[in-house]
Amino acid sequence: MRGALDFMVPSGAHLSIMEMHPLLLPGGDFSLWVAWTNYSTALAAAIIAIVVLLRSRNAPKGHDVTLFIVWSITMFVATLLQRRFGYYFAVDVAVLCGFLVGWLGDRVGIEKQFPVLRQHAAVPAKAKGKSATRALQTHRSEQRAAVLKLVVFAAAVAGLLIVPCVDMAKNFATEPGLMTKGWYETLGWLRSNTPEPLDADAYYGLYDEPADWQPFDYPDSAYGVMAWWDYGHWITRLSHRIPVANPFQQGARTASRFFTAQAESDGAALLEENGCDYVVVDSKTAVRTFNGVASWAGQRETDYYDVYLQRDASGTWQPIMLFYPEYYQTMLVRLYNFGGESFAPEEYTVIRRDPTPSGNAIKNQVADVRRFATHEEALAFIAQASDADWRLVGTNPFKSAVPLEALQGFAVAYESEAQSFVEANLLPEVRVFRFTG
């Protein structure tokens, strides 16, 4: 139970997973935007319904109702802690909204209006006399009032619940899927152009759990595919291949250790240990979401890059992203950003880092800049200037701050036709490398 409760309050690397963020604290800052885009007005209606079920004397009672209330509150709290539990809470919200509409309809007497509409006048329509006319007018007035009450109630329900929810559902139904064209192409290539790790029917087979927690007995033909855990289920489902890591976060730390490895020998050892024959990398992981890779490796993104303040030509402080040698030396960046090839900078930039004045969101500023023709000159300068915080940096993730050697044990096997425009570079969105050892 304690482990389950600890899991409900994520920390560390788990905070790099968007769906594990608290519903009202996306990115760590209070906001109602995620709650609105997930539930629209239905969330407020569901909360009101829970209060009504708990406090109203006219609300339904019974053990089944008590169970439903307890479950709804439990899932609401779970959703507040991690937004992904909103998948389950959505069922409660729908039932609660239905109850609230029925309860409000009962309170304003909606059900009583239908007999009025079906009721015929007590006197013939062509009857003569003042009393008959008044009776007919009274009946028609009651019917008009019933129609008005039904229309107003229906309009209120539609305007406050149905229209906002349908409009939001339409947005979800029409937005692009998470799988990009580049990944779809790559997954198809993996299935058609790589050896079967098991027999052809293995994907649809049923398997007994190994006894006594023993590892599964894989045949000699089996091999793994190293990719970031976000894509593990895709590799299983569309490629029918065995990923090292998947969105259950199984193998996530193994993948992060490989992708942040600073030497090819360290990365190769991990691939051999996990029986991997292929590595798949993409532009998103290498540039936009590298922070998640660093977090799962037990490190900080600021170990690889950071935002600095630097004066521009006019003397105004402007933010700039600077990349450290550790970023360029990772296996992920060497494979995707540089295609496993060598790279030699035209010049080497060394900056002196000073802290910014207290209260500034950006913690560092560039106090001085030096440029050198060779790597050795830059390192020698840093070594003799030990009294200040000098370090090699790069301003472009595709132009290394330090020399990079070509990777010897990796060969490009496939590059997606779909491309990504990243930092003014048009590159294949996804790249696949064959690990040759």
side-chain contact (heavy atoms from CB on, under 4.5 Å) between I242 and T236, worked out | CA-CA 6 Å; I242 306 171; T236 300; over 6 Å; no

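- In this structure, the side chain of S256 engages the main chain of W296 through a donor-acceptor pair within 3.5 Å.
- For the pair E347/F372, no side-chain contact is recorded, criterion being any heavy-atom separation below 4.5 Å from C-beta on.
- Put simply, CG on L100 and CG on L96 are 8.5 Å apart, with the number rounded to the nearest 0.5 Å.
- Between F343 and F338, the distance separating the two ring centers is shorter than 6.0 angstrom.
- Q249 places a side-chain N or O within donor-acceptor distance of the main-chain N or O of P247, the cut-off being under 3.5 Å.
- Of all heavy-atom pairs spanning R83 and P26, the tightest one is NH1-CB, 4.5 Å.
- Taking the six-membered ring wherever Trp is involved, the centroid distance between the rings of F435 and F410 falls below 6.0 Å.
- Salt bridge D303/R300: present, at least one basic N to carboxylate O contact under 4.0 Å.
- For Q262 (side chain) and E326 (main-chain N/O), a donor-acceptor pair under 3.5 Å exists by modelled atom type.
- At distances below 3.5 Å, not a single donor-acceptor pair connects side-chain atoms of N337 with backbone N or O atoms of R334.
- Residues that satisfy the salt bridge (Lys or Arg N to Asp or Glu O under 4.0 Å) test with E272, not counting sequence neighbours, are absent from this structure.
- Taking the six-membered ring for Trp and the full ring otherwise, Y231 and W228 have centroids separated by 6.0 Å or more.
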side-chain hydrogen bond (donor to acceptor under 3.5 Å, both in side chains) assessment of R241 paired with T194 | CA-CA 9 Å; R241 298 298 180 260; T194 58; 2.9 Å; yes

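- Here E415 pairs with R431 in a salt bridge; the nearest charged N to carboxylate O distance falls below 4.0 Å.
- For F290 and F259, the gap between ring centers reaches or exceeds 6.0 Å.
- Contact of the M168 side chain with the Y39 side chain is not registered, since no non-hydrogen atoms from C-beta on lie closer than 4.5 Å.
- Remark: the backbone N or O of G86 is not paired with any side-chain donor or acceptor of N38 at under 3.5 angstrom.
- Panel note: side chain T356, backbone Q365; no donor-acceptor pair is recorded below 3.5 Å.
- Ring geometry for W103 against F99 counts as tilted: the plane angle lies between 30° and 60°, on a 0 to 90° scale.
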Take D306 and N364, measure what side-chain hydrogen bond (donor to acceptor under 3.5 Å, both in side chains) needs, and give me the verdict at the end.
-> CA-CA 8 Å; D306 206 349; N364 301 302; 3.2 Å; yes

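- Taking the side chain as every heavy atom from C-beta outward, V350 and R391 never approach each other to under 4.5 Å.
- The shortest distance between side-chain heavy atoms of P325 and L392 falls below 4.5 Å.
- Taking 4.5 Å as the limit, some side-chain heavy atom of F248 sits within range of a side-chain heavy atom of H233.
- Between Y304 and F323, the distance from one ring center to the other does not fall under 6.0 angstrom.
- Between the D106 side chain and the G102 main chain, no donor and acceptor come within less than 3.5 Å of each other.
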Could you walk me through whether V293 and T260 pass the side-chain contact (heavy atoms from CB on, under 4.5 Å) test, one step at a time?
-> CA-CA 7 Å; V293 180; T260 58; 3.7 Å; yes

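- The backbone N or O of P403 sits nowhere less than 3.5 Å from a side-chain atom of S400 that would complete a donor-acceptor pair.
- Judged by distance alone, with hydrogens and angles left aside, the side-chain atoms of Q214 form no donor-acceptor pair with the main-chain N or O of A211 at under 3.5 Å.
- You'll find the ring centres of Y87 and F85 outside the 6.0 Å limit.
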Can you list the steps and then say if R311 with T316 is a side-chain contact (heavy atoms from CB on, under 4.5 Å)?
-> CA-CA 5 Å; R311 292 188 185 275; T316 304; over 6 Å; no

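- Checked against the 6.0 Å centroid criterion, the rings of Y223 and Y278 qualify as a close aromatic pair.
- Every residue two or more places apart in sequence or in another chain was checked for a ring-ring contact (aromatic ring centres under 6.0 Å, His included) with F258, and none qualifies.
- Using a 4.0 Å cut-off between a side-chain N of Lys or Arg and a carboxylate O of Asp or Glu, D277 and R434 qualify as a salt bridge.
- For the pair S40 (side chain) and A42 (backbone), a donor-acceptor distance under 3.5 Å is absent.
- Rounding to the nearest 0.5 angstrom, the gap separating the CD1 atom in I69 from the NZ atom in K61 is 7.0 Å.
- A distance of 8.5 Å separates CG in L404 from OG in S342, rounded to the nearest 0.5 Å.
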